[in-house]
Amino acid sequence: MLDTTFDHAKAEARLYEAWERSGAFRPKDDPAAEPYCIMIPPPNVTGTLHMGHALNNTLQDVLVRFERMRGKAVLWQVGTDHAGIATQMVVERQLAQGGMNLSRRDLGREEFLKRVWAWKEQSGGQISNQLRRLGASCDWSRERFTMDEGLSAAVRTVFVGLYNAGLLYRDKRLVNWDPHFETAISDLEVENIEVQGSMWRIAYPLADGSGEVIVATTRPETMLGDLAVGVHPKDERYAHLVGRMVRLPLVGREIPIIADEYFDPDKGTGCVKITPAHDFNDFKVGRRHGLGLLNIFDSRARLNEHAPAAYRGLDRYAARTRILAELEAQGLLRGEDRQTMTQPHGDRSGVVIEPWLTDQWYVDAQTLAARAIAAVETGDTIFVPKNWEKTYFEWLRNIEPWCVSRQLWWGHRIPAWYAPDGSVFVAHSLAEAQAGARAKFGADVALVQDEDVLDTWFSSGLWPFSTLGWPQETPEYHRFYPTSVLVTGFDIIFFWVARMMMLGLQFTDKVPFSTVYIHALVRDERGQKMSKSKGNVIDPLELIDAYGADALRFTLASMAAQGRDIKLARQRVEGYRNFGTKLWNAARFTQMNECTLWDAFDPADVKETVNRWIVSEAVTAARAVSAGLEALRFNEAAGAIYDFTWGVYCDWYLELIKPILNGDDEAAKAETRRTAAWTLDQILKVLHPFMPFVTEELWGRLSEFGPARKRLLINEPWPVYPDSLLHPDAASEIDWVIRLISEVRSTRAEMNVPAGAKIPLLLVGADPESGLRLERYQAEIDRLARLEYSTTASEAPPGAVVIAFEAASIALPIADVIDIASERTRLEKEYKRLAADIGKIEAKLANPEFLKRAPEEVVAEQHERLADTQATRAKVGAALARLDTISG
RNA sequence: GGGCGCGUAGCUCAGCGGGAGAGCACCACGUUGACAUCGUGGGGGUCACAGGUUCGAUCCCUGUCGCGCCCACCA
């Protein structure tokens, strides 16, 4: 016999192990089965499970379990990402805190990488174990890591392929430079943050001493690298100065005043300093005007040897302070305005990004984007919800070259080798590069490999096919690529989704997935993105410990509606834990009532109305769940099974069958027991994708007194029912009973009928069925609503209030009504409201346009509604009349 | 500056042109042989505001206000 609650803490690990041992997580080996594949967005190998992971993987697991039960050969490809900067950052911090205050350079590349691998080995299992805690049924036997040999080979193949196709090149230009990590980063890794800053006005004297111009800048320290001053050609204030020279303060260099349409007369003073090596716009202007480049920063944004001696070695902000002081002293600082401005920050380091001139590798993203755009335009890949396509298009249509090299050590080393003369050989291996060099030089030359590694997202972008063995033609690749659905958050549409589309199409000629499901972000209470660096993370594991994985999963699935961020409420998780308990106790009830399974049971054979009704309802609910999941409407699917389980099966069915189970009709009793057990089984199956643990446990435990289960629930086929199991007649009859009981209950409560007292009921209805139904359901109705009834008017107690229920009437002993005045007020209010409702409906039904244009079923519905409302009003009116009789 | 989204019950949110919903919270009653992690009943909403389209608008369109996010080279 079951206990009164499900002990999730004890059961979850055991059940998970049983699933894994059964082989359920691996795709079934049936060539006839339709393949279904989801690629996990690989979490950082050294990361921990946060709420975003919990949501993301819950949704994937719901789909995967659903499709597996539907008989498909399901592969949920799992693995982790090496997460270049993030991981290197963690290990560097460990080093720095290790007592010796070591930097990675102190260790050297080889030793440092050993440490990173050691850290990966040590902490890499954590995220996997946490996914297991969540119940994720991914195929661990195929777990991959972006720096596995196979995936690394794919990276090299793609790099060489892009290079040979002319889609990848080395270029010297300004990049976003992170002075903390001392590496280039891509545009996407830059966060523009609004900060309070200043704009200073600085006088630059004309070289001939005949005057000065005032430039405005937010970055005075870069003036040491100024190569010109710019004005708009039509700006009358400065027209006469164009072509003349100014003497750069503190430096003494003479630089020209140039004119360019780019300069905005309305901004600042209309006169701007040009620093081509330290500003993206100035770089372009400088190139147009042949100004050259003067780099004044080193890799840590300290002033270098190109700055005047007094400033060399200073940090950029220290230099700023000193420069402002010196300008002030010389009387050249002409003002400071406080203002808000956006400043670029490294998304990992948090420091201000410096535009810096370096050699980097770039991918020609614009060319690759064309197919990625077309594939979504033609519907080869669709986004759900669809509006994300706009975001995707917008970004791809304005895409800039993708800087893929990073001056880090942790990652895929760039497969490019340099000869002493600087010529480059991009190849799959050193040997291949050497062969290339030999062909070029006619002799062996010493080659040095590029020191840099690739952007983490370069390898992530290959994930859908590299994990399947590409570039080798593996059976898995042929079977599961392109994949079915990608489930991810909108925050990585650019980082990841777009890159997979571009690289997938380029190298496989196929879209990597046919559907992209974009879910909301789980945010903190202020609507901010949860992230480890902000420290505002809610720990899903703590919720799992407290309420069980099922409760957390169900919460997330039911909140995965489109269009709103998720702010997680703890009480909601608790509510769904209670749902699990409710289900558990329903199962306990069936056990106590010997509702054992019967192998030969056929739901088509049931005779009792209440049983035909629940079969019909179960079919309807299961279909709603299927439809919801097919449409990726997780909240609707979850809602459908929740409502059926609690609101229909527990609240009504189990209550209505109690009289049968306690009665003498053995045939009805046997049928009801079997139906109750069968229906519960349907609930377990349909609920399983959402709440795998409690359903699996019950699936096992419920066979204690019946036939043994053939297999674990996770391996059960998803229920599909014929339409013949739908019974509208039974549905309408039980619906009548439910409404009668609800009505009586409500009346009892409102009229303060004492709990023990029974309500005399008088039937005077025109519906000849009413009496029969009442007779038929007497036991149930009496039990649930506690009423007595009579079928003739003469038996009604004298002085009773008559309240109509549909065609029947209920007579109540008025003596039990405590406050006639307040009851009267209430009824009058109700009476008026109903009159208004009736007016509205009648007006609608009298409107010829409505009758002409509205669909037939809508008109019929309104007629029904009118009749219902009128009947209710008559009932209330009668009650009012009786009140008058009594009190008057 | 451009784009996306959101404003529905005290709170967290569903609602996909035709009678305003759920969970929690609140109030009352209930310990009835599955379940107090429960049951029954109840109170509570000009669906942000203003126009428009429609026979009919919480839902579609436009505008306004408030909030959030993304993108962007605003000296």
Side-chain angles (χ1 to χ4, degrees), chain A residues 2 4-6 187 192 199 215-219 230 262-264 266-275 279-284 341-342 355 387-388 390-391 394-395 398 490-491 493-494 520-521 523 526-529 547 555 558-559 561-572 574-593 631 633 635-636 639 642-643 647 650-651 654-655 658 662 742 745-750 752 754-755 783-786 837 840-841 844 847-855 857-859 861-862 864-866 868-869:
Chain A
L2 296 167
T4 51
T5 55
F6 172 51
D187 297 343
N192 290 304
M199 186 170 74
V215 302
T217 182
T218 56
R219 298 211 55 198
Y262 160 74
F263 303 120
D264 184 344
D266 297 327
K267 283 181 183 161
T269 60
C271 180
V272 64
K273 57 194 275 309
I274 309 299
T275 321
D279 182 282
F280 288 104
N281 289 314
D282 292 6
F283 181 81
K284 287 180 198 160
M341 52 194 216
T342 55
N387 55 298
W388 289 109
K390 191 162 182 172
T391 306
E394 181 67 18
W395 188 70
N398 297 298
F490 62 81
D491 54 328
I493 289 179
F494 305 146
L521 245 48
R523 301 195 123 101
R526 288 180 308 176
Q528 293 220 311
K529 213 162 133 176
Y547 303 109
T555 306
S558 64
M559 292 185 81
Q562 302 168 1
R564 203 194 290 239
D565 295 330
I566 295 179
K567 281 187 249 166
L568 200 68
R570 199 185 171 82
Q571 281 179 325
R572 194 150 171 169
E574 192 178 332
Y576 289 125
R577 187 274 316 269
N578 295 352
F579 173 56
T581 304
K582 185 75 180 175
L583 172 69
W584 185 266
N585 281 288
R588 188 159 176 265
F589 173 86
T590 64
Q591 271 199 342
M592 295 171 77
N593 286 282
R633 295 175 184 274
N635 60 322
E636 288 184 7
Y642 180 93
D643 289 342
C650 291
D651 284 352
L654 293 186
E655 295 300 336
K658 280 176 183 173
N662 296 327
S742 300
R745 275 174 171 171
S746 149
T747 305
R748 292 180 66 89
E750 285 176 21
N752 282 313
R783 207 183 88 71
L784 296 174
R786 293 201 187 168
D837 282 359
K840 270 192 229 167
I841 305 168
K844 187 179 267 193
N847 184 341
E849 285 299 310
F850 171 72
L851 296 173
K852 200 165 75 186
R853 294 176 186 270
E857 64 268 20
V858 171
V859 176
E861 221 173 82
Q862 295 300 318
E864 238 176 83
R865 203 183 131 210
L866 180 63
D868 281 357
T869 315

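The chains referred to below are lettered A, B, ... by the order of the sequence lines, with proteins before strands, and numbering in each begins at 1. Below, all heavy atoms of this structure are taken into account, side chains as well, without hydrogens, waters or symmetry copies.
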Picking from [options], which would you name as closest to the side chain of [X]?
X	options	result
A/Phe850	B/rA34, B/rA75, B/rG18	B/rG18
A/Lys390	B/rU37, B/rG3, B/rA34	B/rG3
A/Lys267	B/rA34, B/rG18, B/rC74	B/rC74
A/Ala854	B/rG18, B/rG5, B/rA75	B/rG18
A/Asn192	B/rC35, B/rA75, B/rA72	B/rA72
A/Cys650	B/rA34, B/rA75, B/rU40	B/rA34
A/Thr342	B/rA72, B/rU12, B/rA75	B/rA72
A/Glu655	B/rU12, B/rA14, B/rA34	B/rA34
A/Lys582	B/rC35, B/rG15, B/rU40	B/rC35
A/Thr581	B/rU37, B/rC35, B/rC69	B/rU37

Polar atoms only, N or O, under 3.5 Å: list the protein pairs with nucleotides 19-24 of chain B and their distances.
unit_1, atom_1, unit_2, atom_2, d
B/rG19, OP1, A/Arg865, NH1, 3.3
B/rG19, O2', A/Arg865, NH2, 3.4
B/rC24, O2', A/Gln571, OE1, 2.7
B/rC24, O2', A/Gln571, NE2, 3.1

Could you check how far [atom1] of [X] sits from [atom2] of [N], rounded to whole Å?
X	N	atom1	atom2	answer
A/Lys852	B/rC55	NZ	C1'	9 Å
A/Gln591	B/rC35	CD	P	13 Å
A/Ile274	B/rC73	CD1	P	17 Å
A/Leu2	B/rC35	CG	P	12 Å
A/Glu574	B/rA25	CD	C1'	12 Å
A/Ile841	B/rG56	CD1	C1'	13 Å
A/Asn281	B/rA72	CG	P	13 Å
A/Asn585	B/rC35	CG	C1'	4 Å

If you measure from the [atom1] atom in [N] to the same atom in [M], how many Å do you get, rounded?
N	M	atom1	result
B/rA50	B/rU8	P	16 Å
B/rG15	B/rU54	P	28 Å
B/rC55	B/rG39	P	46 Å
B/rU53	B/rA57	C1'	10 Å
B/rC26	B/rG44	C1'	9 Å
B/rU12	B/rG7	P	12 Å
B/rG2	B/rG45	P	40 Å
B/rC74	B/rG21	C1'	47 Å

Kindly indicate whether the side chain of A/Val272, heavy atoms from C-beta on, has any atom under 4.5 Å from the side chain of A/Thr217.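 Not touching, per the 4.5 Å side-chain cut-off.
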Any side-chain heavy atom of A/Lys658 sitting closer than 4.5 Å to one from A/Phe589?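 Answer yes - side chains close enough.
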[X]: what forms a side chain to side chain contact (heavy atoms under 4.5 Å, CB included) with it, not counting sequence neighbours?
X	answer
A/Tyr262	A/Asp260, A/Asn281, A/Val285, A/Arg288
A/Asp643	none
A/Arg853	A/Glu849
A/Thr391	A/Trp388, A/Phe494

What contact category does [X] fall into here, base, sugar-phosphate, or nothing, at under 4.0 angstrom with non-hydrogen atoms?
X	answer
A/Asp282	nothing
A/Pro855	base
A/Gly639	nothing
A/Thr391	nothing

Counting only side-chain nitrogens and oxygens, does A/Arg853 get under 4.0 Å of the OP1 or OP2 atom of B/rC55?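 Result: yes.
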Say you draw a straight line from CG of A/Asp187 to CH2 of A/Trp395; how long is it, rounded to the nearest 0.5 Å?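 Between atom CG of A/Asp187 and atom CH2 of A/Trp395 there are 8.5 Å.
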Hey, could you give me the OG1/CD distance between A/Thr555 and A/Glu574, rounded to the nearest 0.5 Å?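 The distance works out to 10.5 Å.
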Counting Watson-Crick and G-U wobble pairs only, both distances under 3.5 Å, name the nucleotide matched with [N], or none.
N	answer
B/rU54	none
B/rC13	B/rG21
B/rC73	none
B/rC4	B/rG68
B/rU37	none
B/rC49	B/rG63
B/rC26	B/rG42

Using side-chain hydrogen bond (donor to acceptor under 3.5 Å, both in side chains) as the criterion, list what pairs up with A/Thr590, not counting sequence neighbours.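 A/Thr590 satisfies side-chain hydrogen bond (donor to acceptor under 3.5 Å, both in side chains) with no other residue.
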More 5' along RNA chain B: A/Val215 or A/Asn387, using each one's nearest nucleotide?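 This one resolves to A/Asn387.
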Between the side chain of A/Arg588 and the main-chain N/O of A/Leu2, is any donor-acceptor distance below 3.5 Å?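 Side chain of A/Arg588 to backbone of A/Leu2: a pair is present.
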So, A/Asn585 side chain and A/Thr4 main chain: donor-acceptor pair closer than 3.5 Å or not?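 Yes.
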Can you find a donor-acceptor N/O pair under 3.5 angstrom joining the side chain of A/Glu394 to the base of B/rA72?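 Not at all, since no donor on one side and acceptor on the other fall under 3.5 Å apart.
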